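First up is the structure itself, then whatever we jot down about it.
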Amino acid sequence: MSTKTILVTGANGEIGHGLIEYLSEYGGINIVAMDIVSIDESVKARCHRLVTGDVLDTYLLETLSTEHNFDTIYHLAALLSTRAERQPTLAHRVNVDGTLNLLEIAITQSHLQGQKIKFIYPSSIAVYGLPDLETKRKAGKVKEDQWLSPRTMYGINKLYDEQLGRYYTNYYRQLDAEPPKGQIDFRGIRFPGLISAVTLPTGGTSDFAPEMLHMAAKNMDYKCFVREDTRIPFMAMPDAVTALLRLQAAPYEKITQAVYNVGVFSPSALEMSQILKKAFPNNSIKFLSDYRRQAIIDSWPADVDDTAARCDWDWKPEYTLERAFSEYLIPAVQKRYSVKS
Ligand SMILES: NC(=O)c1ccc[n+]([C@@H]2O[C@H](COP(=O)([O-])OP(=O)(O)OC[C@H]3O[C@@H](n4cnc5c(N)ncnc54)[C@H](O)[C@@H]3O)[C@@H](O)[C@H]2O)c1
C-alpha cells in the first residue's frame with residue numbers, strides 16, 4: 001500500500017485531536033499537522049510532521065506545498081462562533097482568507113500531481129438563520145438549501161467558504177481559453193454542536209452542552225447560558241470523525257452536493273441536564289440565559305434533515321442520545337476526572 005500524505009490544519013483543535021487519533025491508527029498515512037499554537041504531546045507522536053504556523057501565512061503554505069504531495073487536505077482551522085463575534089474582522093481573515101489560501105494550495109498541488117485533490121471542510125449549522133422561535137419551531141428538520149441567512153460573522157464565513165469550495169470545484173478560472181477542470185474535489189459537512197469527552201471547547205456558541213457535561217463530571221455547579229427549552233442538534237465527537245472519514249472515502253460519482261447536513265440527536269438543554277443529573281446527582285445546573293448568545297442559538301435550527309448524506313455516502317451515526325451519554329461521554333469523563341457516581 002502506498003503511503004498517502006494528508007494536511008490537517010487546526011490540528012490541535014477538538015476535531016483535530018479525534019481525527020488524527022483515528023487516522024494514525026488506520027495506518028498508511030503521513031499526517032502533516034499544522035496549527036497556530038503548538039501541538040499537544042498526545043497528537044505529536046501520531047504525526048509525520050508538525051508545523052506551527054498561521055493559515056494566513058501564504059509563504060509558509062507554499063513552502064509546505066513544495067515539500068509534500070498532499071492527497072487530501074482537512075481544513076479545520078477556524079475561529080468559532082462566539083470568538084468570531086468578538087473579533088469579526090480577524091474571524092473573516094482566518095475563516096475566509098485562510099480557506100482561500102488552502103484552496104489555492106490544493107490547486108497548486110493538483111497541478112504538481114496531475115490529479116484531483118480532496119478538500120474536506122467542516123462547515124456548521126451556523127450557516128442557518130431562522131428569524132424567530134415560532135419559525136424555528138415550525139421549520140422542524142431544515143434542509144441544506146433552506147433558511148440560509150446567518151446572523152453571525154462565523155455563519156457568514158462558513159456559508160461563503162462553502163460557495164468558494166463549489167466555485168473551485170466547478171467554475172475555477174472559467175474564462176480561461178481552456179478552463180482547468182476537476183482539480184479540486186471539495187466536500188463539506190455542516191456539523192451540529194459537537195460534544196467530546198476528551199477535549200473542552202473554546203469559543204463556540206453550542207459550548208453549553210459540553211460545558212455542562214465537563215462541569216458535572218468535575219462535580220462543579222454550572223450556570224448554563226441558554227434557556228431550558230433551547231434546542232439545537234448535537235453529535236458525539238467519534239461520530240463527527242466518522243462522518244469526515246466516510247465523506248472523504250465516498251466515491252466521487254456518489255457525491256451530489258458540495259455540502260451535507262448530518263444530524264444525530266436534538267435534546268433541549270433541560271433534557272440534557274436531566275441526563276447528567278442522573279449520572280452526577282450532587283452538582284447543580286442553573287439556567288441563566290445570556291440574551292445575546294441565546295439569540296444566536298435561537299437562530300439555529302432545532303434539527304437538520306440529513307437524508308442526502310444518508311443516501312449519498314451512507315451516513316449513519318453510531319451514538320444516539322442514549323448511547324452517546326451512557327457508553328461514551330459519561331464513562332469517559334468519569335474516568336478523566338475520577339468521579340464516582
Ligand atoms: N466543535 C464544534 O462544535 C464544531 C461545529 C461545527 C463546525 N466546526 C468546525 O470544525 C473545525 C474544527 O473545529 P474544532 O471544534 O476543532 O475547533 P477548535 O477551536 O477546537 O480548533 C480550531 C483550531 O484552529 C486553530 N487555528 C485558529 N486560527 C488559526 C490560524 N490562523 N492558523 C492556524 N490554525 C489556527 C486553533 O489554534 C485551534 O487549534 C472548525 O472549522 C469549526 O468551525 C466545529
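All ligand and atom numbering here is 1-based and tracks the order in the structure. All values derive from a computational prediction rather than experimental measurement.
Contact annotation: for R190 versus ligand 1, there are no heavy atoms closer than 4.0 Å. Contacts between L80 and ligand 1 below 4.0 angstrom, taking non-hydrogen atoms only, involve the side chain exclusively. Contacts of I36 with ligand 1, taken as heavy-atom pairs under 4.0 Å, involve both backbone and side chain. At a heavy-atom distance under 4.0 Å, only backbone atoms of S123 (N, CA, C or O) approach ligand 1. Looking at A11 against ligand 1, nothing comes within 4.0 Å, counting heavy atoms.
Between L76 and ligand 1, a contact under 3.5 Å exists for at least one N or O pair. For a threshold of 3.5 Å applied to N or O pairs, the pair formed by L194 and ligand 1 contains at least one separation below that value. The shortest N or O to N or O distance between H75 and ligand 1 is not under 3.5 Å. Considering backbone and side-chain atoms together, G16 places no N or O closer than 3.5 Å to any N or O of ligand 1. Of the N or O atoms in L56, none lie within a sub-3.5 Å distance of an N or O in ligand 1. By the 3.5 Å distance cut-off applied to N or O atoms, K158 is counted among the residues near ligand 1. For a threshold of 3.5 Å applied to N or O pairs, the pair formed by L79 and ligand 1 contains no separation below that value.
With hydrogens left out, the protein atom closest to atom 10 (O) of ligand 1 is I15 CD1, 3.3 Å, a heavy atom. For atom 20 (O) of ligand 1, the closest non-hydrogen atom of the protein is E14 N, 2.9 Å. If you check which protein heavy atom lies closest to atom 5 (C) of ligand 1, you get P192 O, 3.3 Å. In terms of protein heavy-atom proximity, atom 43 (O) of ligand 1 is nearest to Y154 OH, 2.5 Å. Of the protein's heavy atoms, V55 N, 3.0 Å lies nearest to atom 32 (N) of ligand 1. Closest to atom 22 (C) of ligand 1 among all protein heavy atoms lies A78 O, 3.9 Å.
Across all their heavy atoms, L288 and K223 have their closest contact at CD1-CD, 3.4 Å.
Atoms CD and NE2, on Q113 and H68 in that order, are 12.0 Å from each other to the nearest 0.5 Å. Atom CG of D97 sits about 12.0 Å away from atom CD of E104, to the nearest 0.5 Å. For the atom pair CG of L7 and CD1 of I31, the computed distance is 11.0 Å after rounding to the nearest 0.5 Å. A distance of 6.0 Å separates CG in N101 from OG1 in T58, rounded to the nearest 0.5 Å. A distance of 8.0 Å separates OG1 of T63 from CG of D57, quoted to the nearest 0.5 Å. Rounding to the nearest 0.5 Å places CE of M235 at 7.5 Å from CD1 of I189.
Distances below 4.0 Å separate heavy atoms of V94 from the following atoms of ligand 1: 28 (N), 31 (N). Close approach of ligand 1 to G10 is summarised as follows: ligand atoms under 4.0 Å from at least one heavy atom of the residue are 23 (C), 24 (O), 25 (C). Listed by atom number, the atoms of ligand 1 under 4.0 Å from G53 heavy atoms are 32 (N), 33 (C). Less than 4.0 angstrom separates some heavy atom of P122 from each of these atoms of ligand 1: 9 (C), 10 (O), 11 (C), 41 (O). Counting the atoms of ligand 1 from 1 in the order shown, those under 4.0 Å from a heavy atom of F191 are 5 (C), 6 (C), 7 (C). Each of the atoms 16 (O), 18 (P), 20 (O), 21 (O), 39 (O) of ligand 1 lies under 4.0 Å from some heavy atom of G13. Near S124, meaning under 4.0 Å from one of its heavy atoms, ligand 1 places the atoms 6 (C), 7 (C).
Evaluated by nearest non-hydrogen atom to atom 37 (O) of ligand 1, the leading choice among V37, D35, L90 is D35. Of the candidates D54, I125, T9, N12, it is D54 that places a heavy atom closest to atom 30 (C) of ligand 1.
The shortest heavy-atom distance from S81 to ligand 1 is not under 4.0 Å. Not close to ligand 1: A240, with no non-hydrogen atom less than 4.0 angstrom away. Under the 4.0 angstrom criterion for non-hydrogen atoms, Y121 is not in contact with ligand 1.
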query: Yes or no on side chain to side chain contact (heavy atoms under 4.5 Å, CB included) for S268 and E228, after CA distance, side-chain angles and deciding distance?
result: CA-CA 7 Å; S268 69; E228 293 181 351; over 6 Å; no

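Aromatic ring pairs are classed by plane angle as parallel below 30°, tilted from 30° to 60° and perpendicular above 60°; the pair Y328 and Y319 is tilted. Aromatic ring orientation, Y172 versus Y168: parallel (interplanar angle below 30°, classes split at 30° and 60°).
Formation of a donor-acceptor pair under 3.5 Å by the T230 side chain with backbone atoms of V226 is not found in this model. Checking side-chain atoms of N283 against main-chain N and O of M220 turns up a donor-acceptor pair under 3.5 Å. Remark: side-chain polar atoms of H214 are paired, donor with acceptor, to backbone N or O of S196 under 3.5 angstrom.
Electrostatic pairing of D176 and R173 counts as a salt bridge here, judged by a charged N lying under 4.0 Å from a carboxylate O. Between R310 and D306 there is a salt bridge, since at least one side-chain N of the basic residue sits less than 4.0 Å from a carboxylate O of the acidic one.
In summary, the aromatic rings of F265 and F234 are positioned with their centroids too far apart to meet the 6.0 Å limit.
Annotation: cation-pi geometry satisfied between K116 and Y252 (NZ/CZ under 6.0 angstrom from ring centroid, within 45° of ring axis).
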